Amino acid sequence: VTVWEEEKYEAGVKWRFLEHKGPYFPPNYQPLPDNVHFHYKGKPVKLSLAAEEVAVFFAQMLDHEYTTKKVFRENFFTDWRKVMTQEERLLIQDLDKCDFGEIHAMHKAKVEEKRNMSKEEKLVLKEASQMIVEEFGYCLLDHHRERIGNFKIEPPGLFRGRGEHPKQGMLKKRIQPEDVIINCSKESSIPVPPAGHHWKEVRHDNSVTWLASWTENIQGAIKYVMLNANSKLKGEKDWEKFEVARKLKTHVDGIRKQYLEDMKSREMRIRQRAVALYFIDKLALRAGNEKEEGETADTVGCCSLRVEHITLHKQLDGKDCVVEFDFLGKDSIRYYNKVPVISKVFKNLKLFMENKDPGDDLFDRLTTAMLNKHLSSLMPGLTAKVFRTYNASITLQQQLQELTNESMDSDAEKLLCYNRANRAVAILCNHQRAPPKTFEQSMANLQAKIDTGKEQLALAKVELKQAKKDAKEKDNSDPKLVVEKKEAAVKRCKERILKLEVQATDREENKQIALGTSKLNYLDPRISVAWCKRMGVPIEKIYNKTQRDKFAWAIDMTDIDFEF
DNA sequence: GCAGCCACTTAGTAGCCGGCAT
DNA sequence: ATGCCGGCTACTAAGTGGCTGC
């Protein structure tokens, strides 16, 4: 009986036995040495320990652009003043008169010192952190010792949200054992809190998968300590997710037919639901839950799109009925796309936008809850996000079929095509990244290699010409051999250049595209495992160690002819 | 219906590390 | 030996969507 074939639990039960050591707490704050000062209005001021710690958080970030942002500075200053003593609060009233220079310099020196540590010193540090992983990084869940994903309590600091976050710069407070809820088996050895402390609560709830939790102070959200992605629990959940997406494959034709029909409904909410679903299906948009205003950055998904986020073009670039999308999605990543749509969609959008202001909801009669309720009636387990998984995986499968075949000879060529297929999905899902800081440099380096290669090719051609000439003039067998050798050299040069140019193209195309997110979350790993088997590509070429661990379930059980 | 709570997945990035060219 | 580059990991923010209690 393998790990994957063990008996199932009754519904809602996630484990029978759970034992762990509790979370690991970050070290306490170390006060500044006596020779490092904070200055206010040019004069050194000795801060209380609490105020000093928060000052250090700010000083450490001074190289970052966001410490110059108004919102960040105001939030920081407000929260900093909250931890000051009465006396400090009276004195320190203007952030612009604060000088963190010495603290900043000390921090930079520390970073530099750490960077310059010897191999031996680094090894000592590594071993110490390994010890912590050994002690706190694993739990016992039923029969298995499992790695915990995030067993460390998040250290205090200044909150930096993504995009224009209204809470950026606020103080993220230090978490104490008194804030932490422990979840484990009644009959397990209960984790011991740090000396002199106690847990907020110890509970024994086997209907959830988390081992510990606390509430963070910025958004009031709950943070969880959970298992690593390579655990049995997470693996099974992952498998289930892809099975639901596969099931959509057999329902999707009917669902599409229905939402096209629904676009003609007399009821506005059904029309809106249909058009939203069309976008979610065609463009792999996220559902777009409502967000509390002022709590987070202003981002949207499908159902929360506003009139200002789309522009309708009766004609654009020679195409009819084009919808131009421009909005900030999850993580404030911009979604920009010009999409030709069917006229039914176009007309409905026009209707939805009538008599509305730019800031009004496009789908004012629709919520994600309504949409998901409808979807679950069409197929058990179906929600908006299943469409993303389904369309991502089916796109990978189709692209691999189109771009690759067994007769391709080099692994490099196969892998380039695999990456292209992966990239098609990443573009569909709008998975972007900041261009690497060294991007221009590394492209230039690659170009330099190509240039060198071309020089070598030119030289090789000259030598080949000469060899041919020699062969004509002197009619013996030796020069022919030379000609063949020179021809081979020219061919090698051409191949090398081609390979470099392909690499350059691949890298250029990948400049702002992140492949990892789709690979890890949206692409059924069985598609890739089966492809590797068919193409004779070792699985290591497409999945690194972490990814192989996460997808162990798929690598174990996938047949060569698996179809998503 | 809907607001708040809760549990879980999905997301981009900073910084570390190891391998390779010089 | 050194320094650079690219891949990987750790981190934690930001989503999705179910449930509950009115």
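First the proteins, then the strands, lettered A, B, ... as listed; each starts at 1. Since the model is a prediction, treat every value here as computed from it, not as a measurement.
Of the residues in residues 273-295 of chain A, those with a non-hydrogen atom less than 4.0 angstrom from any atom of DNA chain C are R286(A), A287(A), G288(A), N289(A), K291(A).
Using cut-offs of 30° and 60° on the angle between ring planes, the pair H165(A) and F159(A) is perpendicular. Using the six-membered ring where Trp is involved, W553(A) and F551(A) have ring planes that are perpendicular, over 60° apart on the 30 and 60° scheme.
Between H64(A) and S207(A), the one whose closest nucleotide on DNA chain B sits nearer the 5' end is S207(A). Along DNA chain B, the nucleotide nearest to K122(A) and the one nearest to K550(A) differ in position, and the one closer to the 5' end is contacted by K550(A).
Neither OP1 nor OP2 of dT16(C) sits under 4.0 Å from any side-chain N or O of T368(A). For dT9(C), the OP1/OP2 oxygens have a side-chain nitrogen or oxygen of T546(A) closer than 4.0 Å.
Straight-line distance from the CD atom of E164(A) to the C1' atom of dA14(C): 16 Å, rounded to whole Å. Counting to the nearest Å, the C1' atom of dA14(C) and the CD1 atom of I218(A) are 14 Å from each other. Between the CG atom of D205(A) and the C1' atom of dC19(C) there is a distance of 14 Å, given to the nearest Å. The CG atom of L328(A) sits 15 Å away from the C1' atom of dG15(C) (whole-angstrom rounding). Note: NE2 (H374(A)) to P (dG18(C)) measures 14 Å, nearest angstrom.
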Strictly under 3.5 Å: I want the nitrogen or oxygen pairs between protein and nucleotides 2-5 of chain C, one per line.
from	atom 1	to	atom 2	distance (Å)
dC5(C)	OP1	N445(A)	ND2	3.4

For nucleotides 10-13 of chain C, which of its nitrogen or oxygen atoms have a protein nitrogen or oxygen under 3.5 Å away, and what is each distance?
from	atom 1	to	atom 2	distance (Å)
dA13(C)	OP1	K172(A)	NZ	3.0
dA13(C)	OP2	K223(A)	NZ	2.5

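Residues passing the ring pair (Phe, Tyr, Trp, His ring centres under 6.0 Å) test with Y224(A), sequence neighbours excluded: W210(A). Every residue two or more places apart in sequence or in another chain was checked for a ring pair (Phe, Tyr, Trp, His ring centres under 6.0 Å) with Y259(A), and none qualifies.
Of the N and O atoms on the side chains of S518(A) and N422(A), at least one donor lies less than 3.5 Å from an acceptor on the other residue. In summary, the side chains of Y522(A) and R388(A) do present a donor paired with an acceptor at a separation below 3.5 Å, with no hydrogens or angles considered.
Protein chain A touches strand DNA chain B; the 5'-most and 3'-most nucleotides with an atom under 4.0 angstrom of its non-hydrogen atoms are dC6(B) to dG18(B).
Checking L277(A), L366(A), D262(A) one by one against Q272(A), the side chain to side chain contact (heavy atoms under 4.5 Å, CB included) holds for a single residue, L366(A).
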